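All remarks here apply to the structure that follows.
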Amino acid sequence: MTEVSSLTGRLLVATPVLADPNFDRAVVLLLDHDEEGSLGVVLNRPTPVGVGDILEPWAALAGEPGVVFQGGPVSLDAALGVAVVPAGHGDADRVEAAGRAGAGPRRDAESGADPDSGPDFDPDFAPDGDGDGDADGALGGEAVSGSGDGPLGWRRVHGAIGLVDLEAPPELLAAELGSLRIFAGYAGWGPGQLENELSEGAWYVVESEPGDVSSPSPEGLWRSVLRRQRSELAMVATYPDDPSLN
């Protein structure tokens, strides 16, 4: 099998030609990417459901807007926490040397843009992957342990960005976290699937910034991420929502 260069921690920005409605103007943070597949969360799909409505203990740590975000079309009944630990807290400003996050949701080879999963968030979802009512740290029930260079209950994905163990007491992390996002569901690609989409021109791959996770205006994230690129991609930010107007 051809070796895959890891894109973990990068952003996938949907190109204007991407036709899948699940990912129209989507900005996806890749949490894991290797030859076995890819997994990420969509950063700009806020739902009307408040974090306090389903994970009340974590509501005070959630950044504005304090709502649950739809992370993707897979496993909409499970919750995933992604948080930023500022520089100086657990040495979180160091970029992780390892390519993959280690802990987190398991990928499904058939879990790419699955139209049967539906784009709508289920307001009655249980905050765990097994329906037992306990908030699992990551989708599929795999808890997130400390990474050795960050606070207990947080595992680094890339730089200052990491996964949060939602089973841990929130007060354990309250003094460390700079921001927190709660996602329902995630986006997944099987082996080679994302590479095929990249070759077809479905995604731009750009560097992420910690502020992308906690953007207070997620509806403008697609344009703002493109606008900051020092290339012709900055011009794509002006692309109209309705291509017929171009």
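Fair warning: this is a prediction, and the values are worked out from it, not measured in the lab.
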> Any side-chain heavy atom of Leu163 sitting closer than 4.5 Å to one from Val157?
Replying inline: yes
>> Could you measure the distance from the OG atom of Ser179 to the CD atom of Glu64? Nearest 0.5 Å is fine.
In response: 12.0 Å
>> Quick one: does any side-chain atom of Arg181 pair with a main-chain N or O of Val213 as donor and acceptor, under 3.5 Å?
In response: yes
> Considering residues at least two apart in sequence or located in another chain, which fulfil the side-chain contact (heavy atoms from CB on, under 4.5 Å) criterion with Pro210?
Replying inline: Val84, Ala160
> What are the two closest non-hydrogen atoms of Ala83 and Val164, and how far apart are they?
Replying inline: CB-CG2, 3.4 Å
> Does Trp222 use its side chain to pair, donor to acceptor, with the backbone of Val27 at less than 3.5 Å?
Replying inline: no
> Does Trp189 reach the side chain of Glu197, with side-chain heavy atoms less than 4.5 Å apart?
Replying inline: yes
> Linking I/L/V/M/F/W/Y whenever their side-chain heavy atoms sit closer than 4.5 Å, directly or via other members, would Val205 and Leu18 fall into one cluster?
Replying inline: yes
>> Tell me every residue that passes salt bridge (Lys or Arg N to Asp or Glu O under 4.0 Å) with Glu207, counting only those two or more places apart in sequence or in another chain.
In response: Arg10
>> When you compare the side chain of Val236 with that of Pro16, does any pair of heavy atoms fall below 4.5 Å?
In response: yes
> What is the distance from atom CG of Leu198 to atom OH of Tyr204, rounded to the nearest 0.5 Å?
Replying inline: 12.5 Å
>> Before you tell me yes or no, could you show the steps for Glu200 and Glu195 under side-chain contact (heavy atoms from CB on, under 4.5 Å), namely the whole-Å CA-CA distance, both residues' side-chain angles and the distance that decides it to 0.1 Å?
In response: CA-CA 9 Å; Glu200 293 169 357; Glu195 286 70 29; over 6 Å; no
> If you take all heavy atoms of Pro86 and Leu177, which pair is closest and at what distance?
Replying inline: CD-C, 4.2 Å
> Should Val206 and Met235 be counted in the same cluster of Ile, Leu, Val, Met, Phe, Trp and Tyr side chains packed under 4.5 Å apart?
Replying inline: no
>> We want to know whether Ser215 and Ser217 form a side-chain donor-acceptor pair, criterion being a heavy-atom distance below 3.5 angstrom.
In response: no
>> I'd like to check Val42 versus Phe69 (side-chain heavy atoms, cut-off strictly below 4.5 Å). Are they in contact?
In response: no
>> Please tell me whether Trp154 and Glu176 have a donor and an acceptor in their side chains that are separated by less than 3.5 angstrom.
In response: no
> Taking all non-hydrogen atoms of both residues, which atom of Val51 and which atom of Ala62 are closest, and how far apart?
Replying inline: CG2-CB, 3.9 Å
> Is any side-chain heavy atom of Val41 closer than 4.5 Å to a side-chain heavy atom of Leu31?
Replying inline: yes
> Within the side chain of Thr47, is there an N or O that forms a donor-acceptor pair under 3.5 Å with the backbone of Gln70?
Replying inline: no
>> So which atom in Asn22 and which in Asp20 form the shortest heavy-atom distance, rounded to 0.1 Å?
In response: N-OD1, 2.8 Å
> Looking at CG of Leu226 and CD of Glu232, how far apart are the two atoms once the value is rounded to the nearest 0.5 Å?
Replying inline: 11.0 Å
>> For the backbone of Thr8 and the side chain of Ser6, can you confirm whether one donor and one acceptor N or O come within less than 3.5 Å of each other?
In response: yes
>> When you compare the side chain of Phe23 with that of Pro73, does any pair of heavy atoms fall below 4.5 Å?
In response: yes
>> Please enumerate all residues that pass side-chain contact (heavy atoms from CB on, under 4.5 Å) together with Ser208, with sequence neighbours excluded.
In response: Leu11, Leu29, His158, Ile161, Asp212
>> Between Ser38 and Leu30, is there a side-chain heavy-atom distance shorter than 4.5 Å?
In response: yes
> In Å, rounded to the nearest 0.5 Å, how long is the span from CG of Leu233 to CZ of Arg228?
Replying inline: 11.5 Å
> Quick one: CG on Asp165 to CZ on Arg155, what's the gap to the nearest 0.5 Å?
Replying inline: 10.5 Å
> So do the side chains of Leu12 and Leu194 get within less than 4.5 Å of each other, counting heavy atoms only?
Replying inline: yes
> Rounded to the nearest 0.5 Å, how far apart are CG of Leu61 and CD1 of Ile182?
Replying inline: 9.0 Å
> Closest approach of Arg25 and Arg45, non-hydrogen atoms and distance?
Replying inline: O-NH1, 4.1 Å
> What's the shortest heavy-atom distance between Leu166 and Trp58, and which atoms?
Replying inline: O-NE1, 3.4 Å
